[in-house]
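Chain letters run A, B, ... following the sequence lines, proteins first and then strands; every chain starts at 1.
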2 protein chains.
Amino acid sequence: MSLMELLPVRDVTACCSPLTREAIGEDNASNLASSLRALADPARLRIISMVAAHEDAEACVCDLTEPLGLGQSTVSHHLRILVEAGYLTRSKRGTWAYYKLVPGALDGVARLLVTV
Amino acid sequence: MSLMELLPVRDVTACCSPLTREAIGEDNASNLASSLRALADPARLRIISMVAAHEDAEACVCDLTEPLGLGQSTVSHHLRILVEAGYLTRSKRGTWAYYKLVPGALDGVARLLVTV
DNA sequence: CATAAACATTGACAAACGTCGATGTATTAA
DNA sequence: TTAATACATCGACGTTTGTCAATGTTTATG
């Protein structure tokens with residue numbers, strides 16, 4: 001178990017000014033890189049997109065496994081990364097775990113990339 | 001030498017609609033993931049930021065090596081990834097290689113992440 | 001031509017990553 | 001209580017990644 005797993009979920013929006021506005025510091029660069037690395041995977045991008053497109057804008061693991069063409073444990077793994085990075089929330093109801101987008105999380109990282 | 005190196009530099013802006021607007025396809029997810037993976041490294045984020053902050057908004061390898069605290073070959077490696085991903089251009093003058101931001105490249109990927 | 005400078009490329013290595021199958025853990029249903 | 005379902009976690013694996021030292025390449029200079 002790494003240290004990262006014990007820390008609270010990352011708040012992507014609480015950071016620095018846009019990347020090209022002023023020279024980014026070492027720590028902010030590492031944080032932003034972590035946020036981007038969580039997004040930089042085809043399966044995880046599709047998960048985010050599928051969650052957003054799903055009714056009530058939430059989805060359980062079972063909704064994602066088959067369309068992704070990945071094993072259940074792999075999907076759980078990706079969801080975990082997205083939750084820890086602050087892009088998704090998890091709420092358990094019965095035996096199901098429902099995942100939702102965190103409002104503003106994607107916009108927060110997008111804001112840091114924009115140059116205009 | 002991989003196939004990727006022979007292809008023209010990726011155009012990040014020529015892609016799909018925002019990630020959360022409609023379900024992203026498999027190919028678009030892979031392409032966007034590649035674009036994000038190129039950004040998802042602290043050294044490369046700092047390179048982009050330093051190039052933007054440098055005078056005339058361009059910098060050579062020698063400008064970057066020391067502040068990054070990385071070897072010259074490592075910096076060249078990162079620059080290569082950023083050029084191939086379409087974020088930087090390279091122009092050689094004399095023995096120097098000058099790197100500049102590709103206008104709109106960062107905004108293109110930011111646009112795909114934004115939800116509003 | 002010979003040397004030096006700036007950069008690219010190669011090869012090697014350890015660390016991180018994506019995937020899977022197997023197992024563990026709640027929760028519901030019979 | 002037993003069985004089944006939905007999901008998380010673990011262990012193992014092949015692949016990719018970031019880094020460096022060494023070498024190759026190009027351009028300017030003596």
Side-chain angles (χ1 to χ4, degrees), chain A residues 1-6 9 26 29-30 32-48 51 54 58-85 88-100, chain B residues 1-6 9 26 29-30 32-48 51 54 58-85 88-100:
Chain A
M1 184 185 298
S2 76
L3 179 60
M4 186 58 209
E5 304 173 33
L6 299 173
V9 157
E26 218 166 321
S30 285
L32 179 52
S34 296
S35 296
L36 289 170
R37 213 177 315 116
L39 292 180
D41 178 271
R44 292 197 286 272
L45 290 175
R46 295 183 67 199
I47 286 176
I48 288 180
V51 167
H54 209 263
E58 71 176 2
C60 60
V61 183
C62 54
D63 293 325
L64 306 170
T65 305
E66 186 258 334
L68 283 174
L70 293 173
Q72 172 260 314
S73 66
T74 304
V75 176
S76 274
H77 167 71
H78 286 306
L79 286 165
R80 179 193 221 269
I81 289 176
L82 289 172
V83 168
E84 282 175 351
L88 295 182
T89 57
R90 189 187 98 110
S91 63
K92 192 151 193 190
R93 296 201 297 274
T95 49
W96 288 270
Y98 291 93
Y99 290 86
K100 275 177 116 78
Chain B
M1 184 185 297
S2 77
L3 179 61
M4 185 59 209
E5 305 174 32
L6 299 172
V9 157
E26 217 166 322
S30 285
L32 179 51
S34 295
S35 296
L36 289 170
R37 213 177 317 117
L39 291 180
D41 179 90
R44 291 197 287 272
L45 290 174
R46 294 183 67 199
I47 286 176
I48 288 179
V51 167
H54 209 263
E58 70 176 3
C60 60
V61 183
C62 54
D63 293 323
L64 306 169
T65 304
E66 187 258 333
L68 283 174
L70 294 173
Q72 173 260 315
S73 67
T74 303
V75 176
S76 274
H77 166 71
H78 286 307
L79 286 166
R80 179 194 221 269
I81 289 175
L82 289 171
V83 168
E84 283 175 351
L88 296 181
T89 56
R90 189 187 97 110
S91 63
K92 191 149 196 194
R93 295 202 297 274
T95 50
W96 288 270
Y98 291 94
Y99 291 86
K100 273 177 117 79

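- Here the side chains of Ile81(A) and Asp41(A) are not in contact, with every heavy-atom distance at 4.5 Å or above.
- Atom CD1 of Ile47(A) is separated from atom C1' of dT19(C) by 13 Å (rounded to the nearest Å).
- In this structure, Arg90(B) atom CZ and dC7(C) atom P are separated by 9 Å, rounded to whole Å.
- We find that CG of Asp41(A) is positioned 5 Å from P of dG18(C), with the value rounded to whole Å.
- Residue-level contact check: Arg93(A) touches neither bases nor backbone, having no heavy atom under 4.0 Å from any strand.
- Counting distance only, with no hydrogens placed and no angle test, the side-chain atoms of Thr95(B) and the base atoms of dA4(C) include no donor-acceptor pair under 3.5 Å.
- Checking dG18(C), dC20(C), dT9(C) against every side-chain atom of Ser76(B), the shortest atom distance belongs to dT9(C).
- The OH atom of Tyr99(B) sits 13.0 Å away from the CD1 atom of Ile48(B) when rounded to the nearest 0.5 Å.
- Neither OP1 nor OP2 of dA8(D) sits under 4.0 Å from any side-chain N or O of Arg80(A).
- Atom pair Arg37(B):CZ and dA16(C):C1' shows a separation of 13 Å (rounding to whole Å applied).
- Per the geometry, NE2 belonging to His77(A) stands 15 Å off P belonging to dG11(D), to the nearest Å.
- Rounded to an integer number of Å, the gap from NZ of Lys92(B) to P of dA5(C) is 16 Å.
- Comparing Ala43(A) and Thr74(B) against DNA chain C, the residue whose closest nucleotide sits nearer the 5' end is Thr74(B).
- The shortest side-chain heavy-atom distance between Pro42(B) and Leu45(B) does not fall under the 4.5 Å cut-off.
- Here dG18(C) presents its P atom at 6 Å from NE2 of His78(A), a figure rounded to the nearest Å.
- A donor-acceptor contact under 3.5 Å is not formed by the side chain of Gln72(B) with the base of dA6(C).
- Relative to the side chain of Arg44(B), the nucleotides dC20(D), dC7(C), dG18(D) differ in distance, and dG18(D) lies closest.
- Counting to the nearest Å, the C1' atom of dT25(C) and the CH2 atom of Trp96(A) are 16 Å from each other.
- Under 4.0 angstrom from either OP1 or OP2 of dA8(C) there lies at least one side-chain N or O belonging to Tyr99(B).
- Residues Leu70(A) and Thr65(A) share a closest heavy-atom pair of O-CG2, 3.0 Å.
- Between Glu58(A) and Arg93(A) there is a salt bridge, since a side-chain N of the basic residue sits under 4.0 Å from a carboxylate O of the acidic one.
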